[in-house]
Amino acid sequence: AIEWISQQPWCNGKVGMMGGSYRGMVQWLTLKQKPKALVSMVPTASVGPGIDFPKSNGIFYNYALQWLTFTSGRSSNTNMFGNGTYWYNKALRKFHKKLPFNQWDDIALGARNEIFQKWIAHPEFDEYWQGFYPTAEEYAGFDLPILTITGYFDGDQPGAMTYYKGHHANANQSALDKHYLIYGPWSHAGTRTPVTELGGLKFGEDSKLNMLKLHREWFDWTMKGKEKPEFLKDRVAIYMMKENEWQYDESYDALSADTLTYYLSSPESEAKNLHNQGKLIADVPGKEGPDQFVYDPLDTTLEASNTGSDFYLDPSAGYGDDKLVYISKPLEKEMSLIGQMELGAYIELDVKDTDIVVAAYEKTALGETVYLGRDQLRARYRDGLETSKLVKPGEVNFYKFDDFYFTARKLSKGSRIMIEITHSNYPSTQKNYNSGKDVSTESGADAQVATVKLHHSKKYPSYFKLPVRK
């Protein structure tokens with residue numbers, strides 16, 4: 001299509017590409033084909049097949065089928081796709097009846113969906129998914145102006161940054177000098193139409209970029225030789241939440257200067273909730289016993305959560321007995337959180353597999369609970385998404401949760417950092433019944449109760465790291 005366009009009498013032979021989500025992914029897939037006429041592109045919120053869609057960290061989610069319904073047929077099925085009540089009720093049926101995930105298409109639509117079945121037949125990040133991405137050699141050959149756009153709350157941030165980092169790991173400096181990155185306080189849709197409030201978080205008016213104007217200025221600069229967009233003051237632009245201002249740097253790696261490291265500890269508690277909390281401390285603890293929570297897959301009680309419009313300010317975080325909670329002392333001074341957080345945890349299971357979720361919050365001196373980010377990990381993928389390795393019950397293994405979304409927020413003096421570690425038991429995702437079988441085929445009949453023990457001691461120094469500028 002690009003070569004055809006370039007040969008038309010109304011075209012000067014130069015073609016640019018823009019678009020978000022699926023259309024962002026398509027730009028990278030097109031670039032793999034090396035069309036000579038493609039001279040500039042703006043991939044926004046680009047889907048990462050096998051990384052953030054139709055699964056995240058190896059865990060599939062219901063929405064994959066909903067999307068396939070939208071795109072099936074000769075025209076988009078907007079009404080079916082947008083009927084949230086329908087999809088939620090079908091998800092509840094699967095959840096409460098404890099049906100296997102590979103029946104999700106039958107449950108929701110009354111028929112098998114060939115593409116859905118093909119996707120779930122590839123639970124690892126194998127050659128099927130890897131084939132969507134440019135190779136190292138292909139990345140090295142990409143030498144055109146690229147403007148990557150994503151958001152802190154963009155569900156396709158992992159995909160967008162996989163392409164960005166792949167290019168930066170393989171291309172020469174001349175090509176990288178032409179690759180710009182914008183990180184805003186946006187959701188997936190917000191990367192196209194920014195807003196100044198999201199989930200109770202409020203941002204300055206300057207966060208609401210005029211995206212069409214920015215695109216036009218980008219193409220005028222890169223394709224017509226006009227002035228560089230005024231907004232692009234350096235190759236990386238990030239929006240500092242709470243401080244509410246744009247900040248710039250010459251490279252992604254230069255954004256975070258320091259690391260604030262906490263160690264998990266609970267010498268006088270069971271770390272069960274905010275009333276019996278564990279601690280995030282500065283030094284490796286001494287000899288301490290593990291904390292634990294129990295996950296029963298047959299328990300279909302839906303946990304209470306903040307379902308209002310201020311969902312990123314969730315006062316229920318840290319409460320409940322089926323989770324572990326660790327909290328720091330108040331910060332002695334304000335600092336900027338910039339980058340991806342990381343939890344390193346030494347965990348012991350009594351089953352072959354389970355799913356674990358961690359979330360991080362800022363507990364302000366004023367009593368607010370501000371969401372900072374989350375990550376999840378299927379135990380069998382603790383050594384990487386490419387290979388499944390079941391757990392040996394009773395063995396302590398190291399789990400690195402290092403796929404938190406990138407974020408940038410000013411942390412206030414007096415605030416405390418809180419992390420919450422729990423199981424994954426939601427109607428919206430593929431449910432792990434802990435048997436060690438192919439998770440898509442598991443049902444309630446395979447369910448095994450999991451006791452998850454988190455070790456923290458001199459021998460097992462479980463930690464939580466925040467990338468900061470102090």
Side-chain angles (χ1 to χ4, degrees), residues 17 20-32 40-53 55-58 125-127 129-184 186 188 191 232 234-239 247-257 259 337-342 373 375-377 381 383-386 400-408 465-467:
M17 295 184 73
S21 194
Y22 172 83
R23 299 174 184 88
M25 175 192 70
V26 165
Q27 294 176 62
W28 288 102
L29 292 175
T30 301
L31 196 54
K32 279 168 59 72
S40 181
M41 66 185 207
V42 186
T44 300
S46 303
V47 172
I51 292 178
D52 57 36
F53 183 88
K55 55 181 177 172
S56 174
N57 273 9
F125 187 66
D126 57 15
E127 291 181 355
W129 300 112
Q130 294 170 20
F132 285 93
Y133 295 88
T135 63
E137 183 179 1
E138 288 171 334
Y139 274 126
F142 297 163
D143 190 3
L144 76 165
I146 303 172
L147 174 58
T148 290
I149 300 175
T150 185
Y152 305 145
F153 310 100
D154 170 21
D156 286 316
Q157 184 197 118
M161 293 308 295
T162 295
Y163 300 114
Y164 178 86
K165 292 178 180 179
H167 189 216
H168 278 69
N170 294 285
N172 60 40
Q173 191 59 49
S174 174
L176 299 185
D177 287 344
K178 303 170 190 171
H179 196 161
Y180 285 71
L181 171 66
I182 301 176
Y183 254 126
W186 308 316
H188 188 60
T191 58
L232 298 177
D234 215 329
R235 287 197 296 276
V236 178
I238 64 170
Y239 193 81
Q247 297 181 5
Y248 298 86
D249 219 314
E250 63 180 6
S251 72
Y252 175 84
D253 292 335
L255 290 172
S256 300
T259 299
L337 168 63
I338 307 176
Q340 292 178 270
M341 296 170 284
E342 178 183 313
D375 195 10
Q376 61 183 11
L377 191 59
Y381 298 132
D383 293 333
L385 297 177
E386 293 82 5
K400 182 185 285 188
F401 297 80
D402 58 355
D403 286 324
F404 282 85
Y405 282 18
F406 180 101
T407 193
K465 292 182 178 180
L466 296 95

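Keep in mind it's a predicted model, so treat the numbers as computed, not measured.
Classified by interplanar angle (parallel below 30°, tilted 30° to 60°, perpendicular above 60°), the ring pair Trp28/Tyr163 is parallel.
Between Tyr183 and Tyr152, the ring centre distance stays below 6.0 Å.
The closest donor-acceptor contact from the side chain of Tyr180 to the backbone of Pro145 lies at 3.5 Å or more, if one exists at all. Without hydrogens or angle criteria, Asn57 side chain to Leu377 main chain gives no donor-acceptor distance under 3.5 Å. Judged by distance alone, with hydrogens and angles left aside, the side-chain atoms of Asp52 form a donor-acceptor pair with the main-chain N or O of Gly159 at under 3.5 Å. In this structure a side-chain-to-backbone donor-acceptor pair under 3.5 Å is present from Gln157 to Gly151. The backbone N or O of Lys400 sits nowhere less than 3.5 Å from a side-chain atom of Glu342 that would complete a donor-acceptor pair. His167 places a side-chain N or O within donor-acceptor distance of the main-chain N or O of Phe142, the cut-off being under 3.5 Å.
Shown here are the side-chain contact (heavy atoms from CB on, under 4.5 Å) partners of Asp253, two or more places apart in sequence or in another chain: Ser251. Partners of Lys32 by salt bridge (charged side-chain N to carboxylate O under 4.0 Å, His left out), not counting sequence neighbours, listed by chain and number: Glu138. Residues passing the side chain to side chain donor-acceptor pair (under 3.5 Å) test with Lys178 are Asp143, sequence neighbours excluded.
Within 6.0 Å of OH on Tyr22 lie no more than 12 heavy atoms contributed by other residues, nucleotides or ligands. Counting non-hydrogen atoms of neighbouring residues, nucleotides and ligands closer than 6.0 angstrom, the CZ atom of Arg23 reaches no more than 12 such neighbours.
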